Number of protein chains: 2
Amino acid sequence: MVQIPNTPAPTPSSAPRSVPTSADVARLAGVSRATVSYVLNNTSAVRISEPTRRRVHQAAKELGYVPHAAARTLRAGHSRMVLMPAPPVPAGPLYSQFVHDFQGALSRLDYIVVQYGASGLHGDDAARAWAELRPVAVLVPGPGLGPEGVAVLKRSGARAVVTLSSEPVEGAHALLLDHAGVGRSAAGHLVARGRRRIGVVVPVEPGLKMFSVPRLAGARQAVQGTDATITELPLAYTEESAAALAARWPGLGLDAVFAYNDEYAMLLMRALQDEGVRIPEDAAVIGADDLMLGRLLRPRLSTVRIALPSGRDLAGLVDRAVRNPGAQPESHEMFEATVVHRDST
Amino acid sequence: MVQIPNTPAPTPSSAPRSVPTSADVARLAGVSRATVSYVLNNTSAVRISEPTRRRVHQAAKELGYVPHAAARTLRAGHSRMVLMPAPPVPAGPLYSQFVHDFQGALSRLDYIVVQYGASGLHGDDAARAWAELRPVAVLVPGPGLGPEGVAVLKRSGARAVVTLSSEPVEGAHALLLDHAGVGRSAAGHLVARGRRRIGVVVPVEPGLKMFSVPRLAGARQAVQGTDATITELPLAYTEESAAALAARWPGLGLDAVFAYNDEYAMLLMRALQDEGVRIPEDAAVIGADDLMLGRLLRPRLSTVRIALPSGRDLAGLVDRAVRNPGAQPESHEMFEATVVHRDST
DNA sequence: TTGAAAGCGGTACCAA
DNA sequence: TTGGTACCGCTTTCAA
């Protein structure tokens, strides 16, 4: 790891000349602040003569004037900021792609998307911190926001609150991610393929509990009324952890595993193969999320595909909600989990 | 893909009662706005009686009062916001991890980290958009910011501008990512292993040019003065593209490939193996970034490891720069690329 | 211990 | 066509 050397306090700061305001521009152009505002905002209700416009623009450029967003927001009473709290774990490929699309789509609708990283706050405290920014809409990934938090956000001016989670929250639009359905599909598939002693990987990484718990619960549902059993398998995302699990595999007496997602599945499948366990003969392995990498291993990894909302669709939902804040919160099932059967099961 | 149905404008909005301000709290508590501010900020320069404090807190809670960050910023003349423009491509695992750590570390130093997604703006226009938010510091990933943009940001109050790129920018702190060094190491390794006809994968995805171009250039440097040759290989991140490249592999007459990074390397290696090309006998393959997945394939993937700055170190740099804005901009080489030799070369 | 008031930087109404 | 000015919500002297 590269260390950045700790530079001891260097030469004292030369006082940076203070930042130019619209008053400075007005002074330099020899006009009023009002005129500056009209010119720079192209206010259509007011005609400003061409020479004046030129002088204002010239003065603004000369000073390097940049308007102060906070001042404008304060005066306007609203902003176009859509706030997305950053998730508590580093984003996976699926989520990164989604955020990227969502940002692009909202930008095109002339919103500003901001991912806000405020670790250390929880539940309603977090909601209060978000509310301080007075966003016009908030998109909350994962659980942790309660009805109280939604109320705080709405009271402070948010015209749309959208949750991206397994459970709807009172007062908020909900994009329901059916993680239990993923577990149900995966385990159901394994049972249908004749497997009976099914392991379910549960990542030990703390931020993943919100996904892994419902996936495990779904798997349990799938074996209800069959003679199949579910065994919980804690696993860290390291080769060591996978090797340790693989080493005690024979003693576990399992014939299949639902590995939380494709990444954990790959990790475990490799460790099992290195232990001489044959996939799928000795043990069927299924992942989830249908990542590219699952198609690159041999055998190809069976998986459960889930469809996140497209960034475009979601941006549309947010936009509609913002324009119509009185509307009933909508709930949308964001996907039906579907099994992609390849060679590992 | 799940479609979100387009709800036609539903019931008209019930006017949401306007958001409570500190004046409302003052009125309800029967005190002045000043007192409210003192109480809620625990101002140490002023003693407020316990009964008054209680009344203020009670009133604030009752109204669900949340302070207005923009107003505070405006009055204070500065904020603690560190701005990170979102990169133009979906974040990879390395970058996601880095951002996560960086956010956490800065949060602990009491900064607010904001990732700002403003696609569609370029160069100095983008810098102006960032400057409107009056961040106390800006961390810019990738190129695209010029000296002019740095000046705009500083003029509008940014006390630290840090670039994370291959080239330093006048006036800004620089974390130098030696992508050319990655290419040099990779190609140098292949040459040292006796390979002579070296392909270099160049992703066709547009946002990746900023990395792929210097990596390719580095590879070219490495074969200077040897009898080895470099062949550019465009590749999209799809199985089809990889299969197509693999199909014409024999005609290419290559004996090694540096595949841009581990993900492209995996993709290509698999396609080559499916075509009957033996790795590493017929073709050596090396990736970059040392991702976990490279250790899961067989043969294990050789790679070039690069050390991104740790989030903690970088947060420290930003903090120091903010506290000492007069200091000379520092440049740090963020890593020396090192080859991790495994089984694919 | 508390309150009155100025002012941060824009915007938009009303006059001129 | 342009200027004067009130005001957005909050902090912070200065007085009482």
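It should be emphasised that the depicted structure is a prediction, and the values quoted were computed from it without experimental measurement. In what follows, chains are A, B, ... by sequence order, proteins preceding strands, each numbered from 1.
In this structure, B:Thr35 does not reach the C:dT2 phosphate: none of its side-chain N or O atoms is under 4.0 Å from OP1 or OP2.
You'll find the side chain of B:Pro168 reaches within 4.5 Å of the side chain of B:Leu176, heavy atoms only. A heavy-atom distance below 4.5 Å is not found between the side chains of A:Thr21 and A:His68. In this structure the side chain of B:Val152 reaches within 4.5 angstrom of the side chain of B:Arg155, judged on heavy atoms. A heavy-atom distance below 4.5 Å is not found between the side chains of A:His173 and A:Arg320. Residues B:Gln115 and B:Gln103 form a side-chain contact, since some pair of their non-hydrogen atoms from C-beta on lies under 4.5 Å apart.
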Could you go through the side chain to side chain contact (heavy atoms under 4.5 Å, CB included) check for A:Leu153 and A:Trp130 one step at a time?
CA-CA 8 Å; A:Leu153 289 168; A:Trp130 306 336; 4.0 Å; yes
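For the pair A:His68 NE2 and C:dG7 P, the computed distance is 18 Å after rounding to whole Å. Whole-Å rounding puts the A:Tyr38 OH to C:dC13 C1' distance at 7 Å. Rounded to whole Å, the distance from CG on B:Asn41 to P on C:dT2 is 16 Å. For the pair A:Leu74 CG and C:dT11 P, the interatomic distance rounds to 11 Å; values are reported in whole Å.
Ion pairing between a basic and an acidic side chain is recognised when a charged N comes within 4.0 Å of a carboxylate O; A:Asp319 and A:Arg323 show such pairing.
Here the closest heavy-atom approach between residue B:Ala105 and residue B:Ala315 is recorded as CB-CB, 3.5 Å. Residue B:Tyr95 comes nearest to B:Pro87 through the heavy atom pair CE2-CG, 3.6 Å, listed as atom of the first residue, atom of the second, then distance.
Within the nucleic acid shown, B:Val56 has no heavy atom closer than 4.0 Å to any nucleic acid atom. Heavy atoms of B:Val36 sit nowhere under 4.0 angstrom from any nucleic acid atom.
Protein chain A contacts DNA chain D over a range whose 5' and 3' limits, counting nucleotides with an atom under 4.0 angstrom from a non-hydrogen atom, are D:dT1 to D:dG9.
In the region residues 47-54 of chain B, proximity to DNA chain C at under 4.0 angstrom, judged on heavy atoms, holds for B:Arg47, B:Ile48, B:Ser49, B:Thr52.
With DNA chain D read from its 5' end, the first of the two nearest nucleotides for B:Thr43 and B:Ala71 is the one closest to B:Ala71.
Out of C:dA12, C:dA6, C:dG10, the shortest distance to the side chain of B:Arg75 is found at C:dA6.
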